[in-house]
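Let me begin by presenting the structure, written as structure tokens, before commenting on it.
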Amino acid sequence: MSTVKVYVGMSGGVDSSLTAALLVEQGYDVTGVYMKNWTQDLPGMKCPWADDLADAKRVAVQLGIDFKVFDFQNGYKQKVVDYMIDEYKNGRTPNPDIMCNQEVKFKLFLDAALEDGADMIATGHYAQVQDGVLKRAIDDNKDQTYFLYRITHEALQKTLFPLGAMTKPEVRAEAEKRNLFTASKKESMGICFVGSVGIREFLGQYITTEPGEIIDTQTKKSVGQHDGAIFFTLGQRHGLNVGGGLPYYVVGKDMDKNEVYVTRDLNDKELWRKQVELSSLHWIDQKPADGQKLQVRMRHRASLIDAKLKGSTLILGEPQRAIAAGQSAVLYDGQVVLGGGII
RNA sequence: UGGGGUGUGGCCAAGUGGUAAGGCAUCGGUUUUUGGUGCCGACAUUCGGGGGUUCGAAUCCCUCCACCCCAG
């Protein structure tokens with residue numbers, strides 16, 4: 001039988017570098033692909049993508065595999081960046097990385113790879129896949145399934161996650177053992193295209209904002225002014241610039257009035273939810289039964305908590321803090337990722 | 001220009017003779033793919049101004065200034 005052709009998404013980090021190395025060792029016909037996503041080139045700001053591309057290429061050369069660059073700038077801008085900006089405009093708090101996986105990595109990239117002759121794709125995600133079923137990674141600490149719940153069953157059938165059974169320290173060690181150029185590269189964080197600018201400044205470039213009142217819900221009085229309600233999300237503490245006494249936390253906002261509501265009460269009802277409505281439900285394999293006992297993760301790296309889904313209402317076993325509209329609830333049945341929805 | 005009160009870093013606030021707590025905010029770092037949270041660190045040579053007493057004062061005295069309350 002002929003060898004399976006796998007296209008590996010290489011970001012220039014350790015994880016995807018080792019992913020490619022492992023696949024080569026396992027006998028696959030590997031091609032490295034750097035996805036050129038949309039970035040914002042600001043004067044005076046150094047964009048790391050060029051370095052990442054160079055790193056990815058360097059590793060590919062090291063491994064002796066083919067290397068390509070796929071340009072997804074337009075798709076990425078439309079599906080991820082614009083989505084994010086729109087959500088913020090509507091007063092919500094989106095998760096662009098989930099959208100990036102759904103729309104770019106496991107759609108655009110997958111399609112482009114297949115078109116280019118690949119049989120499968122692979123990425124350095126910490127997750128496991130088995131017969132099109134997504135499962136949590138062995139390394140609980142690194143599990144990235146939260147970001148992957150909106151991938152389709154079909155896409156997963158053509159996907160490999162070679163790192164799913166490894167822990168991060170093992171990955172580092174194996175990368176070092178192979179002298180991969182990226183072995184000790186620092187972990188990347190934050191929204192890639194926003195870079196070091198910060199979400200505030202980024203949004204500020206696409207949306208004109210006006211100052212508005214910050215209102216204490218306990219006293220109903222204004223305690224200060226903000227520079228745009230769009231910049232604040234549920235549970236947020238910093239950036240209000242209001243001093244004195246105890247800290248204030250955002251408990252809500254009114255985009256039309258451009259008002260941000262805050263409280264000093266850590267137990268404020270708005271801050272703790274035990275029930276949330278989900279929309280845009282997505283199931284990888286099949287929908288769980290109504291009322292079935294499940295586990296849910298309300299944010300990346302949060303622990304799994306018991307929950308039940310009735311219709312589109314998610315009932316949590318214990319109250320969760322600062323569950324903002326636009327964020328995702330990802331449902332699990334043990335190790336299996338069922339899918340989830342947007343709050 | 002009658003009586004009372006207050007004035008400590010951007011904000012709140014300890015400290016009443018012994019050489020400026022703490023909190024909030026802010027800034028930086030960190031939590032190893034979102035927002036946010038949390039955590040760690042930095043942050044007043046100076047206590048409304050000016051004199052004086054004292055070995056030594058934010059703390060005592062004098063005086064000026066500012067603000068608040070009550071009265072009229």
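One atom, CD1 of A/Ile207, and another, C1' of B/rG35, lie 14 Å apart when rounded to the nearest Å. Distance CD (A/Gln225) to P (B/rC11): 17 Å, rounded to an integer number of Å. Atoms CG (A/Asn141) and C1' (B/rU31) sit 10 Å apart, rounded to a whole Å. As rounded to whole Å, 15 Å separates atom C1' of B/rU31 from atom NZ of A/Lys168. Computed from coordinates, the A/Arg237 CZ to B/rG23 P distance equals 11 Å when rounded to whole Å. In this structure, CD1 of A/Ile85 is placed 19 Å from P of B/rU34, rounded to the nearest angstrom. Taking atom CE of A/Met84 as the reference point, atom P of B/rG35 lies 9 Å away to the nearest angstrom.
Note on A/Gln236: only backbone sugar-phosphate atoms sit closer than 4.0 angstrom, heavy atoms only; bases stay farther off. When heavy atoms are screened at a 4.0 angstrom cut-off, A/Gly239 is found touching the sugar-phosphate backbone but no base atom. As judged by a 4.0 angstrom heavy-atom cut-off over every strand, A/Leu240 is placed among residues touching the sugar-phosphate backbone only. At a threshold of 4.0 angstrom between heavy atoms, the contacts of A/Gly245 include nucleobase atoms, whether or not backbone atoms are also involved. At the heavy-atom level, A/Phe232 lies nowhere under 4.0 Å from the strands shown.
Counting only heavy atoms from C-beta on, A/Tyr249 has its side chain closest to B/rG38 among B/rG38, B/rU34, B/rA25. With distances taken from any side-chain atom of A/Asn241 to the nucleotides B/rU37, B/rG35, B/rU26, the minimum falls on B/rU26. Among B/rG35, B/rC24, B/rU34, the nucleotide with an atom closest to any side-chain atom of A/Thr93 is B/rG35.
A donor N or O paired with an acceptor N or O is found under 3.5 Å between the base of B/rG35 and the side-chain atoms of A/Arg299. For A/Gln327 against B/rU34, a side-chain N or O and a base N or O form a donor-acceptor pair under 3.5 Å.
Residue A/Ile138 is found outside any hydrophobic cluster, as its side-chain heavy atoms come under 4.5 Å of no other Ile, Leu, Val, Met, Phe, Trp or Tyr.
A side-chain N or O of A/Tyr126 and one of A/Asp15 form a donor-acceptor pair less than 3.5 Å apart. A/Tyr249 and A/Asp268 share no donor-acceptor pair across their side chains, judged by distance under 3.5 Å alone. Checked by atom type, the side-chain pair A/Asp265/A/Thr263 shows no donor-acceptor distance below 3.5 Å.
The ring-ring contact (aromatic ring centres under 6.0 Å, His included) check on A/His282 picks up nothing, with sequence neighbours excluded.
Judged by the 6.0 Å and 45° rule, A/Arg200 forms a cation-pi pair with A/Phe232.
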How does RNA chain B look in dot-bracket form if you count Watson-Crick and G-U pairs under 3.5 Å, write [ ] for pairs that cross, and put | where a base pairs with another strand?
.(((((((.[[[..)..(...]]].(((((.......))))).....[[[[[..)....]]]]]))))))..
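Checking A/Lys221, A/Lys257, A/Gln225 one by one against A/Glu213, the side-chain hydrogen bond (donor to acceptor under 3.5 Å, both in side chains) holds for a single residue, A/Gln225.
Close to B/rU26, at under 4.0 Å from its OP1 or OP2, lies a side-chain N or O of A/His238.
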